[in-house]
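The structure appears right after this line, and notes come after that.
Counting from 1, the numbers follow the sequence of the chain as shown.
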Amino acid sequence: MNRVTSFSTFRSHFILILFSLIMIYPIFWWLGASLKTVTDMKSTSIWPTTFMWENYSKGWVFSPKYSFTTFYLNTLIMEFWNVLGAVLSSAVVAFGFARLKFKLRSFWFSVLLLTLMLPGQVTIVPQYIMFNNWGLVNSYIPLILPHFFGGGAFFVFLVVQFIRGIPRELDEAAKIDGASVYKTFSHVIFPLIKPALVSVAIFTFIWSWDDFFAQVLYLSSVDNYTVGLALRMFIDQFEIQWGQLLAMSLLSIIPSVILFISAQKHFVEGIATTGIKG
């Protein structure tokens, strides 16, 4: 029995390692290509014959006027407000649907969930016209403001499911102690939904970081460019520096990877417990 169990464990680990190597192969190719010269780019070898570490330094400062320091700061400032808005607004809206009683609550919650089936392309034109009439195009406000209105139906639903798993006896105990609805939310519910809010923060950060379409739609000044738009500038050049482009694109995923790894425990806990308590 022990031999059978050991063989089964070995087989499982072997299969997992094999598939892991297959999945991370593009990352190794990406890393190797970012260090290649223009000549090596034509070769099929993963690793370059000559390591061009200059691709990173030259790619970071690819023009006399602009560097990726500016683009990273622009993106991180935008991400800070996006995450803050999504976390706070989704928590407030979800608390209202999960705990407060008001007319047509079920109806409005159903309407909220129906918006999940609404393609994002449907709202692009009216949103752009609205922000353009307000004179907010070529600013970060069109990219930030929507996150302060619930953060999205998916996030509200995620937090609602988490709050429904919290015993109502805690709310009643707080009410007996004289706590208002606002204190119940801020002192009882909000600290307990931390895992769900971490999930909201991670999703918001990654989706906003990768949202190239909205950024290219609303940002036209290079001074306001994000990392994603800055990467496009390499392609706009007469002669594309592929090594520098791949080097900067590799660096562009580091913030998302660091955030996910540092908050992985809370992220998994939030997803798992939300599904169980649904």
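Within a 6.0 Å sphere centred on CH2 of Trp108, other residues, nucleotides and ligands contribute 12 heavy atoms or fewer. Environment of CZ in Phe102: crowded, with over 12 heavy atoms of neighbouring residues, nucleotides or ligands closer than 6.0 Å. Heavy atoms from other residues, nucleotides or ligands lying under 6.0 Å from CZ of Phe149 number 12 at most. Summarising the local packing, CH2 of Trp47 is surrounded by more than 12 heavy atoms from other residues, nucleotides or ligands at distances under 6.0 Å.
For Ser57, the side chain to side chain contact (heavy atoms under 4.5 Å, CB included) partners two or more places apart in sequence, or in a different chain, are Glu54. Scored by the ring pair (Phe, Tyr, Trp, His ring centres under 6.0 Å) test, Tyr218 finds Tyr128, Phe131 as partners (sequence neighbours excluded).
The distance between the ring centers of Tyr66 and Trp60 does not fall below 6.0 angstrom. Taking the six-membered ring for Trp, Tyr25 and Phe28 have ring centres at least 6.0 Å apart. Note: Phe190 and Phe95 fail the aromatic proximity criterion, with ring centroids not under 6.0 Å apart.
In this structure, Arg164 forms a cation-pi arrangement with Phe109, its terminal cationic atom sitting closer than 6.0 Å to the ring centre and no more than 45° off the ring axis.
With hydrogens and angles ignored, the 3.5 Å screen pairs no side-chain donor or acceptor of Asn224 with any backbone N or O of Ser139. Between the Asn55 side chain and the Lys36 main chain, a donor and an acceptor come within less than 3.5 Å of each other. For Ser90 (side chain) and Gly151 (main-chain N/O), no donor-acceptor pair under 3.5 Å exists by modelled atom type. Between the side chain of Gln241 and the main chain of Gly59, no donor-acceptor pair closer than 3.5 Å is present. Asn138 contributes a side-chain N or O that, together with a main-chain N or O of Ser220, makes up a donor-acceptor pair within less than 3.5 Å.
Taking each heavy atom of Ala201 and Val83 in turn, the nearest pair found is CB-CG1, 3.7 Å. The shortest heavy-atom contact between Ser221 and Tyr225 is O-CD1, 3.1 Å.
Between Glu79 atom CD and Asn74 atom CG the span is 11.5 Å, to the nearest 0.5 Å. One finds the CH2 atom of Trp209 at 9.5 Å from the CD atom of Gln215 (value rounded to the nearest 0.5 Å). Separating the CD1 atom in Ile166 from the CD1 atom in Ile193 is a distance of 6.5 Å, to the nearest 0.5 Å. Annotation: the span from Ser256 atom OG to Phe260 atom CZ amounts to 11.0 Å, rounded to 0.5 Å. If you take CG on Leu73 and CE on Met78, they are separated by 12.5 Å, rounding to the nearest 0.5 Å. Taking OG1 from Thr226 and CG from Asp210, the interatomic distance works out to 10.5 Å, rounded to the nearest 0.5 Å.
Using a 4.5 Å heavy-atom cutoff, the side chains of Tyr56 and Leu35 are in contact. Put simply, the side chain of Leu250 does not reach to within 4.5 Å of the side chain of Leu246, judged on heavy atoms. For the pair Ile77 and Trp81, the minimum side-chain heavy-atom distance is below 4.5 Å. In this structure, the side chains of Leu114 and Met117 come closer than 4.5 Å at one or more pairs of heavy atoms. For the pair His187 and Asp177, the minimum side-chain heavy-atom distance is 4.5 Å or more. Looking only at side-chain heavy atoms (C-beta outward), Lys175 and Ser180 stay at 4.5 Å or farther from each other. Here the side chains of Ile15 and Leu18 are not in contact, with every heavy-atom distance at 4.5 Å or above. Contact of the Ser252 side chain with the Leu231 side chain is registered, since non-hydrogen atoms from C-beta on lie closer than 4.5 Å.
Note: Phe71 and Phe68 have perpendicular aromatic rings, judged against thresholds of 30 and 60 degrees for the angle between ring planes.
Tested against Thr204 for a side chain to side chain contact (heavy atoms under 4.5 Å, CB included), the candidates Asn82, Val87, Leu84 yield a single pass: Asn82. Here the options are Val137, Ile144, Leu143, Leu145, the test is side chain to side chain contact (heavy atoms under 4.5 Å, CB included), and the partner is Ile141; only Leu145 passes.
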Just do the side-chain contact (heavy atoms from CB on, under 4.5 Å) check on Leu88 and Phe148 with the steps written out, would you?
CA-CA 8 Å; Leu88 294 180; Phe148 281 86; 5.6 Å; no
Determine whether Gln127 and Val122 satisfy the following criterion, side-chain contact (heavy atoms from CB on, under 4.5 Å), listing intermediate values before the conclusion.
CA-CA 9 Å; Gln127 278 188 353; Val122 175; over 6 Å; no
Working for side-chain contact (heavy atoms from CB on, under 4.5 Å), residues Met233 and Val222
CA-CA 10 Å; Met233 296 176 65; Val222 179; 4.0 Å; yes
Let's go through Asp223 and Thr70 carefully: what are the C-alpha distance in whole Å and the side-chain angles of both, what is the deciding distance for side-chain contact (heavy atoms from CB on, under 4.5 Å) to 0.1 Å, and is it a yes or a no?
CA-CA 8 Å; Asp223 293 329; Thr70 301; over 6 Å; no
Please step through ring-ring contact (aromatic ring centres under 6.0 Å, His included) for the pair Phe157 and Phe97, ending with a clear verdict.
CA-CA 9 Å; Phe157 174 74; Phe97 279 119; over 10 Å; no
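Side chains of Ser249 and Trp30: a donor on one and an acceptor on the other come within 3.5 Å. Trp242 and Ser34 form no side-chain donor-acceptor contact under 3.5 Å, judged by distance and modelled atom types alone.
No path of Ile, Leu, Val, Met, Phe, Trp and Tyr side chains, each step under 4.5 Å between heavy atoms, connects Ile129 with Leu136, placing them in separate hydrophobic clusters.
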